[in-house]
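Note sheet for the following structure.
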Number of protein chains: 2
Amino acid sequence: MGRTVTRSGKRTTIVDIARQAEVSISTVSRVLNGRPVADEVLATRVRKAATELGYRPNMVARDFRRGVTSTIGVVVPDLANPFFPHVLKGLAEEVSAGDHRLLVVDSGEDADQELQLVAQLAGSCDGIILCSPRMSQSSLATLPALGVPIVCTNRSVGDLPFGTVGIDSAAGMRQAIAHLAELGHRHIGYLGGPGTSLSDGLRREGLSTAASELGVKVSSTEAGSTSDDGHAKLPELLDQGVTAVIAFNDLVAIGALARLRELEMDVPSQLSVVGFDDIPVAAFLGPPLTTVSLPKEELGRRAWAGLHQQLETGQVPQEELLPASLVVRHSTAAPAD
Amino acid sequence: MGRTVTRSGKRTTIVDIARQAEVSISTVSRVLNGRPVADEVLATRVRKAATELGYRPNMVARDFRRGVTSTIGVVVPDLANPFFPHVLKGLAEEVSAGDHRLLVVDSGEDADQELQLVAQLAGSCDGIILCSPRMSQSSLATLPALGVPIVCTNRSVGDLPFGTVGIDSAAGMRQAIAHLAELGHRHIGYLGGPGTSLSDGLRREGLSTAASELGVKVSSTEAGSTSDDGHAKLPELLDQGVTAVIAFNDLVAIGALARLRELEMDVPSQLSVVGFDDIPVAAFLGPPLTTVSLPKEELGRRAWAGLHQQLETGQVPQEELLPASLVVRHSTAAPAD
DNA sequence: CTGAAAGCGCTTACAG
DNA sequence: CTGAAAGCGCTTACAG
């Protein structure tokens with residue numbers, strides 16, 4: 001192939017193509033970017049040369065020149081938390097359809113690291129999606145200075161200029177209480193999540209509002225977010241004489257179910273149990289779990305929609321709240337008495 | 001602040017800093033990169049100016065100039081599959097410790113898209129980690145031409161110049177069979193995974209080898225990877241008279257457990273069940289699931305180690321196989337008779 | 001030691 | 001229409 005004139009050693013660039021096709025680099029660039037080129041002969045020569053030389057564009061150079069990165073940064077507190085992968089999935093679908101890429105980082109549930117990561121990402125992303133940020137409000141307030149559009153999920157941001165999209169878990173909680181109240185329960189226990197969790201706060205609010213409206217008594221305890229936590233803290237609620245329990249999430253509910261099995265208490269005849277999340281296994285538990293379904297993938301999709309809009313129009317989108325919905329299965333029934 | 005001389009409208013660059021600090025851009029660059037600067041007075045002026053102007057380096061420009069991206073691409077078949085987030089987590093920890101970033105893409109279990117994604121990523125990443133690639137061997141063979149170091153997980157790549165790290169699931173399967181054989185089971189069923197899954201192939205191999213060594217009979221069926229699949233296909237195995245069942249993964253095992261509950265068959269007295277993965281809920285099922293634990297996070301860590309080594313030394317690392325280990329809980333016991 | 005200059009690979013006004 | 005040239009923001013040989 002004596003005709004192949006590549007600068008030895010280096011990766012092929014448009015200069016090499018221009019040389020081989022005997023045109024200018026401007027023409028090469030135009031052809032390769034599908035811009036109108038009059039002379040089809042030239043275009044063909046360019047495409048041929050590009051193929052022959054195995055040309056692959058240097059995306060970094062292109063991004064640099066264009067001043068955009070086509071990359072969206074995503075910060076999640078913990079990839080191993082089954083909530084986030086689904087959000088990411090919804091996000092990933094939309095983002096790649098919009099010709100962007102996702103740069104995912106895990107903050108390890110650490111607020112300080114989260115802040116640093118956002119600052120870093122800001123340098124190499126067109127926009128950032130902050131999933132359930134753990135950082136303080138005052139840390140959040142420093143973010144607009146980064147000059148990058150930011151959308152937060154599951155977090156109210158006050159009057160900060162961020163798009164937000166959340167799930168109306170208070171409403172989900174209300175549905176759960178209403179369901180239980182209708183079955184005849186008058187004293188309900190809440191196996192709460194970690195104190196730092198904002199969604200836990202929202203759920204507690206929904207819980208107390210709905211409970212007082214419906215005239216049911218509530219006892220609650222701070223459990224956590226794992227099955228271990230549910231397993232450990234359930235007895236505390238049992239001691240208080242509740243006839244039904246709502247868990248912070250399905251994992252916690254599963255821990256509670258395990259404890260009840262050990263205690264040889266039947267669900268739902270001796271105690272009703274409600275979860276939160278509707279994870280894939282929820283329908284296959286013994287008994288199949290009544291739980292509040294959270295639109296996680298939709299959350300991801302809406303987050304991108306908000307960011308995309310801001311990128312295009314410069315307008316910070318409206319706050320958005322997605323509905324949660326109760327899925328009634330077989331872990332709830334009328335109380336024993 | 002009359003002293004602040006920024007070119008209006010544009011983001012601050014080192015040129016602005018140089019002007020304000022009255023030094024050359026070379027000096028600015030050196031100071032900001034922590035390279036030795038003799039005159040501490042100059043350095044201080046630079047740092048002061050950088051802070052005053054709110055300078056944030058343009059990472060894209062820096063990467064472009066340096067010819068590296070500090071970004072590692074990761075392709076996963078499905079983020080919602082509970083296996084991968086843990087791999088990612090292990091990966092993310094190591095990668096960020098090594099001052100790189102993770103660009104995560106989801107191929108949607110689609111082999112063609114997977115191939116395209118890799119080609120795209122190659123343009124903007126220093127290296128790529130291909131998790132459980134679904135693409136054909138011949139597609140894999142086209143990847144070396146991309147000129148980017150690649151490490152594959154859970155996939156043998158023949159003599160392709162890729163690092164690989166996998167989990168010895170055949171050995172895990174052998175342990176499961178041995179455990180069951182020791183309990184007295186002579187006829188075992190396998191609720192297999194999707195036909196396209198390489199790990200399923202590996203497990204079937206381990207299964208048949210170990211079974212013939214230990215003199216146990218095996219009946220197997222192709223189920224899939226979800227609880228629904230396990231729930232649907234279990235009866236097929238029951239009809240063949242097995243006394244124990246091994247599932248492709250814990251999700252499938254959970255589906256089988258649900259079916260057995262419906263059938264009012266007790267586990268383990270009437271049927272033993274073994275899973276694969278040891279997902280967090282496995283210990284909290286009814287009964288707690290005996291399962292093969294897979295070192296997912298370690299898989300991620302080793303994948304990065306391999307890629308890192310290749311990036312540093314140019315040497316393709318050895319093939320690596322991580323051990324799986326059986327966790328015996330309460331879903332297995334001696335057969336009824 | 002510091003500064004002036006070149007150049008990374010592109011894209012895109014601007015001439016011709 | 002195509003081509004020559006400028007320039008994106010950095011880093012880094014190279015002079016002085």
Side-chain angles (χ1 to χ4, degrees), chain A residues 6-47 49-50 53-71 120 122-126 147-148, chain B residues 6-47 49-50 53-70 120 122-126 147:
Chain A
T6 316
R7 293 167 307 169
S8 60
K10 318 285 289 178
R11 182 171 144 175
T12 304
T13 71
I14 57 170
V15 174
D16 301 311
I17 298 177
R19 197 172 305 160
Q20 168 128 333
E22 295 179 298
V23 297
S24 72
I25 60 165
S26 321
T27 299
V28 174
S29 176
R30 289 187 194 108
V31 172
L32 263 26
N33 284 292
R35 254 174 269 285
V37 172
D39 195 339
E40 193 46 50
V41 176
L42 291 192
T44 308
R45 283 221 304 271
V46 168
R47 277 189 278 266
L53 298 174
Y55 173 71
R56 288 171 299 114
N58 180 330
M59 291 311 207
V60 182
R62 168 181 293 182
D63 285 349
F64 166 54
R65 178 54 235 252
R66 290 189 177 159
V68 300
T69 64
S70 302
T71 300
Q120 266 183 44
S124 47
C125 292
D126 294 344
V148 171
Chain B
T6 314
R7 294 167 306 167
S8 61
K10 316 285 290 178
R11 183 170 144 174
T12 304
T13 71
I14 56 170
V15 174
D16 301 312
I17 298 177
R19 197 171 305 160
Q20 168 129 335
E22 296 179 298
V23 297
S24 71
I25 61 165
S26 321
T27 299
V28 174
S29 176
R30 287 187 194 109
V31 173
L32 264 24
N33 284 291
R35 254 174 269 287
V37 172
D39 194 337
E40 193 48 47
V41 176
L42 291 191
T44 308
R45 283 221 304 271
V46 168
R47 278 187 278 264
L53 298 174
Y55 174 70
R56 287 170 301 114
N58 181 330
M59 290 313 206
V60 181
R62 168 181 293 182
D63 284 349
F64 167 54
R65 177 56 235 250
R66 288 189 178 158
V68 299
T69 64
S70 302
Q120 266 182 43
S124 47
C125 293
D126 294 343

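Here is the naming used below: chain letters follow the sequence lines, and residue numbers restart at 1 for every chain. Basis for what follows: all heavy atoms, side chains included, without hydrogens, waters or symmetry-related copies.
- If you check every strand for non-hydrogen atoms under 4.0 Å, A:Arg30 touches a base.
- Comparing D:dT11, C:dT11, D:dA4 against the side chain of A:Ser24 picks out D:dA4 as the nearest.
- Note on A:Thr27: only backbone sugar-phosphate atoms sit closer than 4.0 angstrom, heavy atoms only; bases stay farther off.
- You'll find that the side chain of A:Val23 is closest to D:dG3, out of D:dG3, C:dT2, C:dC10.
- Near DNA chain D, defined here as any heavy-atom distance below 4.0 Å, the residues from residues 55-65 of chain B are B:Tyr55, B:Pro57, B:Asn58, B:Ala61, B:Arg62, B:Phe64, B:Arg65, listed numerically.
- Remark: P of C:dC10 and CZ of A:Arg35 are 14 Å apart, rounded to the nearest angstrom.
- In this model, no donor atom of one side chain and acceptor atom of the other lie less than 3.5 Å apart for A:Ser26 and A:Ser29.
- Rounded to whole angstrom, the span from the CD atom of B:Glu22 across to the P atom of C:dG3 amounts to 11 Å.
- C:dC8 atom P lies 12 Å from atom CD1 of A:Ile14, rounded to whole Å.
- The distance between atom CZ of B:Arg66 and atom C1' of D:dA13, rounded to the nearest whole Å, is 16 Å.
- When side chains are defined from C-beta on, A:Arg56 counts as touching A:Arg11, because their heavy atoms get closer than 4.5 Å.
- In the set D:dC10, D:dG3, C:dT11, the nucleotide with an atom closest to the side chain of A:Ser26 is D:dG3.
- B:Asn33 places its CG atom 17 Å from the P atom of D:dG9, with the value rounded to the nearest Å.
- Regarding A:Arg19, its CZ atom lies at a distance of 13 Å from the P atom of C:dC10, rounded to whole Å.
- Computed from coordinates, the A:Asp39 CG to D:dT2 P distance equals 6 Å when rounded to whole Å.
- Inter-residue side-chain proximity for B:Leu53 and B:Ile17 is flagged as met; some heavy-atom pair is nearer than 4.5 Å.
- Pairing for D:dC14 goes to C:dG3, judged as Watson-Crick or G-U wobble with the two contacts each under 3.5 Å.
- B:Leu42 comes within 4.0 angstrom of sugar-phosphate atoms only, judged by non-hydrogen atoms across all strands, and of no base.
- Minimum interatomic distance between B:Met59 and A:Gly123 (heavy atoms only, all atoms of both residues): CB-O, 3.6 Å.
- Put simply, CD1 on A:Ile25 is 14 Å from C1' on D:dC8, counting in whole angstrom units.
- Annotation: the span from A:Thr12 atom OG1 to A:Asn58 atom CG amounts to 12.0 Å, rounded to 0.5 Å.
- Not a single donor-acceptor pair, N or O on each side, falls under 3.5 Å between the base of C:dG9 and the side chain of A:Arg11.
- Of the residues B:Thr69, B:Val60, B:Asp63, the one that meets the side-chain contact (heavy atoms from CB on, under 4.5 Å) test with A:Asp63 is B:Val60.
- We find the CG-CZ distance between A:Asn33 and A:Arg62 to be 5.0 Å, quoted to the nearest 0.5 Å.
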